[in-house]
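Just so we're on the same page: letters track the sequence lines, and every chain starts at 1. Side-chain atoms are counted along with the backbone in the values below, which use heavy atoms only and exclude waters and symmetry mates. Since the model is a prediction, treat every value here as computed from it, not as a measurement.
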Amino acid sequence: MKWTQTLIPTLREAPSDAEIVSHKLLLRAGLIRKLAGGVYTFLPLGLRALRKVENIIREEMDRAGAVEVLMPALQPKEIWEQSGRAETAKDVLCKVKDRANREWFLSPTAEEVITTLAAGEINSYRQLPKNFYQISTKFRDEIRPRFGLMRAKEFIMKDAYSFDTTDENAMVSYHKMYDAYKRIFARCGLQAFPVEADTGVIGGNYSHEFMVPAETGENDVVYCEACGYAANIEKATSGIPKTAAREIGAAVEKFATPGVVTIEALSKEPYKVPANRQIKTLVFIADSKPIIILIRGDDQLNETKLIAKTGAVAARPATPEEIFALLGAKPGSLGAVTSTLNFERGLSATKNTDTYIEFDANITLEGIRIYADERLRGANDMTTGANEDGFHLRNVSIERDIKVTAWFDLRTVSAGEPCAKCVKPLKIRRAIEVGHVFKLGTKYSEALNATFLDVDGSRKPPVMGCYGIGVTRTLQAVIEQGNDKDGVIWPLSVAPYQVCITPLAVTPESEAMKLAEKFYAELTAQGVDVILDDRDERPGVKFKDADLVGFPIRIALGEKSLLKGEVEIKPRSGALQFVKIDEAVAAVLKLVQA
RNA sequence: CGGAGCGUAGCUCAGCCUGGUAGAGCACUUGCUUUGGGAGCAAGACGUCGCAGGUUCGAAUCCUGUCGCUCCGACCA
């Protein structure tokens, strides 16, 4: 390809709406352009890099035994209602209506479609296992698109779906994908590592995310350098000790705490109740019912765990009005000690809010569920709110004085806590999620009536798994990880062109141009992706652009070195080498094949 | 959806407070000079000042509404 033939609109300055380095470079290097928030056009160079990532994924998926299909982006609402996700995923679905006013969803993933396909076409254990994948445009009505391709409304994803006869076989399929993912990201030049993950509304019970460490990532990963434990913070646990039990103390005692509404204030003079001897009481609305959550004063609630452990579809913190209606006190003075709960209080006393999870207005505290964090189990001599503004209770024994419905691990792990497996201190770092593998079980096959006849003549739902890679996000992660002050540093495997030939004179009769054409032809014949910068620009402009776009290898043809019978070969992040003209092609091939 | 900010040339931004002929740098076109790390000089082209309404003799500037974008939060397969 000749530079003047394609479109590479490089920018000296980044548009002001780009925040992170990879987003700026995508724009500055002329890879993408924004059409609207979270919606981008891929320019020729960006598309080439994207196709390379896609092809790596294709090769590895094929190698792992998956077969490629292409499913529609336009999906009828009905199958989403059948799976239940029309409701659980409603906030992210892009919806469209046709002229007959029929509602369609633009595909954010394709569990429903592939399972419908399997229901029709897979009838026997002899057809299993199967793993179908596709690489296609997906849509998600993101609340807040940001960071360019990182979190977009429209993006390209590889999604794969496996079908197996048994749970054990499903694990085999899962691990094939897990291994394929490791190879895919390694081939893209990414340092990606798997972490244990929550499954979210997609369902299932076993899951790993593939993470690329980056300060600009939107996930926190907890990991142990000693034993290799790694988990998304939404899922992570630690070996932190439970609250120390003390001598069974005196009866609960109310004391005045005027104006004290925070854990911190209560820990100071004149009360001096350390945060780790306080019980924090939170009220959430989960699936239209209020629940009370108890967590130690120095711990933070993990909402993902709350939803996962309680089996709720969705949950949100209760508003101060709702809390007052239920407990008779404002946040800061709340508690769950049985004697302070008035079970006749209810939400009907408050106005409904406009938040997206509504509550059942007739509900009262009668039968309210109280979930406590495991770390509080057995704790006594604790202090908590008295459900009366300006008062707290001391000498609280959680098992004696509070009717806990269930105990769960609900707290968020902090850095430095001991690893649950090996006791070494845990670390936390930010990361970008580029892939996610789930074992789904039979949730979708059952909901959409997919069954096969097993060897013993029984009819069963196949055990499914699903496996996603954010292709466009992966591309951006490659840039986020590979760049310097001059621009992108592409790995050879993903670079839009592997080699950029830069003649400093471009008239057809010039020695530099003739030689450039010759190198171009020879390298192209060897299967190397080459671009020839035939622009009539000053050398500085051409070098700056080559560095900005980040071609892994640059060959400069200038008068100075040509007179000495040499050309210059410059790896993007390596030392300049002078090579005899006759040896240049071989030298470049060696670098490309390295 | 809550909080904050911004919409002026292709890009970065000034002008707005205090109303009076729409600006700079980069990019673009032409010419001359220059030619190994984003050249110089000269000439030129490029604007419904996001949109709608209002106030005013007069609005980029003040007011109201609206749309879009960005950031923080909430949310997130």
### Query
When you look at Tyr161(A) and Phe132(A), which way does the ring pair (Phe, Tyr, Trp, His ring centres under 6.0 Å) test go after all the steps?
CA-CA 5 Å; Tyr161(A) 307 90; Phe132(A) 302 102; 8.8 Å; no

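Residue contacts for Glu209(A): at a heavy-atom cut-off of 4.0 Å it reaches no nucleic acid atom on any strand shown. Using a 4.0 Å heavy-atom criterion, one finds that Glu142(A) contacts no nucleic acid atom at all. No engagement by Lys542(A) is indicated, since no non-hydrogen atom pair under 4.0 Å with the nucleic acid exists. Residue-level contact check: Arg28(A) touches the bases, meaning some heavy atom is under 4.0 Å from a base atom. As judged by a 4.0 angstrom heavy-atom cut-off over every strand, Pro15(A) is placed among residues touching the sugar-phosphate backbone only. As judged by a 4.0 angstrom heavy-atom cut-off over every strand, Gly37(A) is placed among residues touching the sugar-phosphate backbone only. Within the nucleic acid shown, Ala505(A) has no heavy atom closer than 4.0 Å to any nucleic acid atom.
Regarding contacts with the backbone of C69(B), every side-chain N or O of Arg144(A) stays at 4.0 angstrom or more from both OP1 and OP2. Considering only side-chain N and O atoms, Ser16(A) lies under 4.0 angstrom from the phosphate OP1 or OP2 of C13(B). For G40(B), neither phosphate oxygen OP1 nor OP2 lies less than 4.0 angstrom from any side-chain nitrogen or oxygen of Arg538(A).
The partner of G31(B), taking Watson-Crick or G-U wobble pairs whose two distances both stay under 3.5 Å, is C41(B). Across all strands shown, C46(B) remains unpaired; no Watson-Crick or G-U wobble contact has both distances below 3.5 Å. Applying the Watson-Crick and G-U wobble criteria (two distances, each under 3.5 Å), U55(B) pairs with nothing in any strand. Nucleotide C16(B): unpaired (no Watson-Crick or G-U wobble partner with both distances less than 3.5 Å). In this structure, G2(B) and C72(B) make a Watson-Crick or G-U wobble pair, each of the two defining distances being under 3.5 angstrom.
Minimum atom distance to the side chain of Glu568(A) is reached by G36(B), of the listed G73(B), G38(B), G36(B). When distances are taken from the side chain of Phe147(A) to each of C26(B), G37(B), C71(B), the shortest belongs to C71(B). Ranking G36(B), A77(B), G38(B) by closeness to the Ser561(A) side chain, first place goes to G36(B). Closest to the side chain of Lys34(A), from the set A77(B), G37(B), U70(B), is U70(B). Considering only side-chain atoms of Arg554(A), the nucleotide from C69(B), A77(B), G37(B) that sits closest is G37(B). Distance from the side chain of Trp80(A) is smallest to A77(B) among C76(B), G38(B), A77(B). Of the candidates G37(B), A77(B), G36(B), A77(B) carries the atom nearest the Val92(A) side chain, counting heavy atoms from C-beta on. In this structure, of C11(B), G38(B), A77(B), it is A77(B) that holds the atom nearest to the side chain of Ala89(A).
Both Gly38(A) and Leu576(A) lie near RNA chain B, and the one whose nearest nucleotide falls closer to the 5' end is Leu576(A). Toward the 5' end of RNA chain B, the nearer of the two residues Thr10(A) and Phe139(A), judged by each one's closest nucleotide, is Thr10(A).
With 3.5 Å as the limit, one finds no donor-acceptor pair spanning the side chains of Ser561(A) and Glu566(A).
Going from atom NZ of Lys235(A) over to atom P of C76(B) covers 17 Å, rounded to whole Å. Remark: P of G25(B) and CD of Glu13(A) are 13 Å apart, rounded to the nearest angstrom. Distance, Arg146(A) CZ to A74(B) C1': 10 Å, rounded to whole Å. Lys24(A) places its NZ atom 12 Å from the P atom of U12(B), with the value rounded to the nearest Å. Separating the CG atom of Leu27(A) from the C1' atom of U12(B) is a distance of 14 Å, rounded to the nearest angstrom. Rounding to whole angstrom units, NZ of residue Lys138(A) and P of C76(B) are separated by 21 Å. At whole-Å resolution of the value, CD in Glu303(A) and C1' in C75(B) are 10 Å apart. Between Phe284(A) atom CZ and A74(B) atom C1' there is a gap of 11 Å when expressed in whole angstrom units.
Between the C1' atoms of C6(B) and U61(B), the separation comes to 16 Å (whole Å). Comparing U12(B) with U35(B), their P atoms are spaced 34 Å from each other, to the whole Å. A distance of about 23 Å separates the C1' atoms of C69(B) and A27(B), rounded to the whole Å. The gap from the C1' atom of A60(B) to that of G7(B) amounts to 11 Å, rounded to the nearest Å. Remark: the separation of the C1' atoms in G25(B) and U21(B) is 23 Å, to the nearest Å. Distance check on atom C1': U33(B) versus G23(B) gives 29 Å, rounded to whole Å. The same atom, P, is picked in C75(B) and in G2(B); the two are 16 Å apart, to the nearest Å. Taking atom C1' on both A42(B) and G5(B), the two are 42 Å apart, rounded to the nearest angstrom.
Between the Thr472(A) side chain and the Phe155(A) main chain, no donor and acceptor come within less than 3.5 Å of each other. The backbone N or O of Ser445(A) lies less than 3.5 Å from no partner atom in the side chain of Thr442(A), so there is not a single donor-acceptor pair. Of the possible donor and acceptor atoms, one in the side chain of Gln476(A) sits under 3.5 Å from a partner among the backbone N and O of Phe147(A).
Separating the CG atom in Leu26(A) from the CD1 atom in Ile32(A) is a distance of 4.5 Å, to the nearest 0.5 Å.
Taking the six-membered ring where tryptophan is involved, the planes of Phe408(A) and Tyr371(A) are tilted, since the angle between them lies from 30° to 60°.
None of Asp198(A), Thr237(A), Thr310(A), Thr412(A) except one satisfies the side-chain contact (heavy atoms from CB on, under 4.5 Å) rule with Lys305(A); the exception is Thr237(A).
Leu557(A) approaches Ala512(A) most closely through the heavy-atom pair CD1-O, 3.4 Å.
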